[in-house]
Structure formats: C-alpha cells, structure tokens
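Heads up, the thing below is written out as structure tokens.
Values in this document were obtained by computation on a predicted structure and should not be read as measured data. Excluded from the calculations below are hydrogen atoms, water molecules and symmetry mates; all remaining heavy atoms, backbone and side chain alike, are included.
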Amino acid sequence: MLQRLRATLTWVFHLAGIAAVFTTLDHGFPARATLGFVIGALLGQEPLADLWFLLTHRLSGARLLGVSYGRDRLLWNGTVAGVPVELGLRPGTGLLLRWGLLPSRAPRLRVWLSATALYSLHAGLGVWLATSFTGVLQGVGIGLLASFVLHAVFWRPSSICSLWAVFVLPFRRDALAHELWAPGALRADRLLTAGRIPEAAALLREEASADFATAHLTPAGLALAEGRYEEAELLAAQAMENDCRSHVPYLIVGMAFVGRADRGEVTRERAGALLDPFLVRLGINDRTLYRGFLPTADTARFQNDPDTAVRVARPLSTAVSSPYWRAQAGCSLAAALIATGRPDEARKALARARRECPGLARVSDLERMLEKAAPTTV
C-alpha cells in the first residue's frame with residue numbers, strides 16, 4: 001500500500017511540476033529559464049546521484065555488482081573493469097546500479113560522509129545557480145532545488161544515495177549489519193549474475209567461514225540455479241527476515257516453487273496454489289498487467305493459460321536483466337511452449353537459456369519434460 005501511495009504521489013509531484021512550468025510561461029517567466037528548470041529537474045532526479053556514486057563509491061566502501069541502462073530488449077552486454085554492464089534498446093531514466101558494501105573501517109561514517117557531500121553539492125549548486133545567474137543557468141538551479149525537495153519527500157529507505165543515509169543512518173548502529181559482504185561473496189555474485197555457476201559456487205565455499213554476511217541472496221540464487229529448491233526457499237526467507245528490501249528474495253522463492261513443479265516434486269496445481277497468493281501479497285493482482293515479474297508467466301501456465309505464459313515470458317527472455325535471469329525466463333518460455341504443443345520453439349528457447357547460463361539445473365529438467373511431451377505433440 002505504501003509503495004502504491006508513493007508512486008501516486010510521485011506522479012502528482014510530476015504533474016504539479018508540469019503545471020508550474022506552463023503557469024510560469026503563461027505569466028511571462030523567461031523561456032530560457034524555463035528550459036533550464038526542466039534540465040535541472042531532470043539532472044537532479046537521478047543522473048547527479050548516479051554520477052556521484054560512480055565517482056565516489058569506493059570511498060564509501062561500496063563495490064559495483066552490475067550496471068545497466070535502458071529497458072526492454074537487450075542491445076549489448078559485456079564487462080567493464082570486471083563489472084557486468086548491459087544496455088537496453090529503449091532509453092531509461094537513469095542507470096541501474098547494483099552494489100555491495102565491503103567490510104571497512106567505520107563503514108557508517110564513510111557512507112554518511114558520502115551521502116552528506118552528495119546532498120550538500122546538490123542543494124549548494126542549486127542555490128548558487130539560482131541566485132548568481134539568470135536565464136538557463138538560473139533555471140537549472142531552480143530545477144535542482146525542486147528535485148532536492150522531491151528527494152526529501154520521497155527518499156528511498158536503506159539506500160546509500162538517499163537522504164536516509166544522511167538523517168537516519170547515524171542513529172542506527174546496526175543499519176549496515178546485513179549490507180556488509182565478504183569480498184569473495186561479492187565476486188561470486190558477479191559470477192552468478194553472469195551465469196557462471198561453478199565459479200560462483202567455488203568462491204562461495206571459500207567464503208563460508210567469513211565473519212561478515214556473505215551476499216545473503218547469492219547463496220539462495222546459487223541454490224536455485226543448482227536445483228536445490230528447498231534450500232533456496234529457506235535462504236531467501238532468511239534474507240527477508242534480515243530486513244532485505246529487495247524484490248529478489250520473493251523472486252527466488254517464487255521460482256523455487258516453479259522449479260519443484262517442473263521437476264515433479266510437487267504438482268502444478270500445488271505450485272499454482274502456492275504462487276497465486278504469494279503474488280497477491282506482493283500486490284500483483286493481475287498477472288497480465290505485471291509482466292516484469294517472471295513467476296507470473298509460470299502462474300499462468302499452472303492455471304492452464306499457456307498462451308499468456310508465452311506472452312509474459314518471451315520478452316523477459318531477451319530483456320535487460322542478467323544472463324542468469326534471462327536463462328530462467330527462457331526456461332519459463334520453453335515450459336509454456338511445451339504446454340502449447342510447440343516443441344521446436346521450446347528447444348530453441350532452452351538452447352538459448354543454456355548459452356546464457358551453462359549448468360542451470362532447470363534447463364535439464366525441462367529437456368526431460370520436452371522428451372516426454374514431444375511424442376504426443378504435433
């Protein structure tokens with residue numbers, strides 16, 4: 001409910017900003033200043049914080065796990081300085097930066113200093129431009145100040161690039177307790193995201209005795225990849241108990257239900273019964289309207305609607321995400337294609353999933369399903 005309210009209020013803020021621009025134009029506010037306002041508001045919402053994080057994240061003790069820009073169909077993916085990078089076909093509003101904090105001296109202080117410097121720069125630059133210049137630069141300053149207000153009203157809890165880190169972090173001694181990753185675990189997460197399952201498993205074994213929390217979702221993701229579905233559910237549930245605000249543990253639990261059904265450990269009816277209320281708790285009441293969350297495709301298949309499953313899974317199998325999750329989506333697509341009696345297309349989807357993530361246990365499970373289904377399909 002809170003997330004829906006925040007999204008609604010954000011749109012209200014944007015509409016109010018648009019109305020304010022038109023009102024100022026109508027009342028004779030200089031067009032150049034209005035243009036600057038739009039530029040400043042856009043820069044202040046995400047690009048300024050993204051640039052600051054890219055320049056200073058190592059000083060905060062953070063390390064990048066992955067970077068992506070753009071949406072929908074994947075245009076390019078690769079590695080830059082050891083960090084997985086993906087570009088989408090459609091431009092997005094900003095970079096998506098996945099990061100983890102390494103254990104370091106005074107981590108809370110370092111994060112607080114970085115966040116405070118960011119927002120001091122943001123507000124200070126806005127005030128300076130708004131009071132010292134005219135025209136476009138003055139408008140940029142006003143736009144930066146408007147976006148600063150937006151950050152103040154709609155800060156993101158537990159983000160080191162938010163006002164949470166400025167005003168809340170100093171007073172919570174254990175605020176970063178579950179954010180510290182052992183160095184090997186951080187590297188393992190990069191490998192797993194890239195679909196390199198055996199290498200990720202080897203690194204996690206090396207870090208099993210580390211004092212700091214390994215990437216709490218990486219062991220769960222690895223268990224899911226290797227077909228240890230009950231263990232994946234347990235580890236993801238532990239991440240939720242540790243106040244993890246990411247959607248990933250929910251995704252892992254949902255796909256563990258799916259994997260157990262595809263392997264035959266539970267019936268599809270039972271998996272569907274588990275998934276449906278699980279999705280409703282996340283606010284996904286209509287699977288046809290929420291196509292960015294993979295388990296919705298398999299829910300449709302379990303409810304005897306494989307055509308919807310194909311429509312949901314197909315774009316996810318080539319979307320900007322990661323090789324690991326594209327492979328999972330490819331498996332969901334293959335399972336839906338098998339259910340619709342299209343074995344040749346299912347084989348192609350599985351072959352692509354295997355290329356994206358060699359060693360993914362679900363690929364082998366679905367290949368066996370395909371072998372059983374192929375003689376009876378036309």
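- Between E233 and F257, the closest side-chain pair of non-hydrogen atoms falls below 4.5 Å.
- Within 6.0 Å of CH2 on W112 lie no more than 12 heavy atoms contributed by other residues, nucleotides or ligands.
- In this structure a side-chain-to-backbone donor-acceptor pair under 3.5 Å is present from H151 to Q45.
- Taking 4.0 Å as the cut-off between side-chain N and carboxylate O, R196 and E199 count as a salt-bridged pair.
- Here D189 pairs with R98 in a salt bridge; the nearest charged N to carboxylate O distance falls below 4.0 Å.
- Under the 4.0 Å criterion applied to side-chain N and carboxylate O atoms, D262 and R301 are assigned as salt-bridge partners.
- A salt bridge links E86 to R326: at least one charged side-chain nitrogen sits closer than 4.0 Å to a carboxylate oxygen.
- S322 and T193 share no donor-acceptor pair across their side chains, judged by distance under 3.5 Å alone.
- To the nearest 0.5 angstrom, T218 atom OG1 is 12.5 Å from R187 atom CZ.
- Between D365 and R362 no salt bridge is recorded (no basic side-chain N to carboxylate O distance below 4.0 Å).
- The minimum heavy-atom distance linking A349 with L337 is given by the pair CB-CD1, 4.4 Å.
- Shown here is E265, whose CD atom has more than 12 heavy atoms of other residues, nucleotides or ligands within 6.0 Å.
- In this structure, the side chain of T116 does not engage the main chain of L113 through any donor-acceptor pair within 3.5 Å.
- In W128, the CH2 atom is not crowded: 12 or fewer heavy atoms of neighbouring residues, nucleotides or ligands sit closer than 6.0 Å.
- Classification of E367 and R347 as a salt-bridged pair fails, no side-chain N sitting under 4.0 Å from a carboxylate O.
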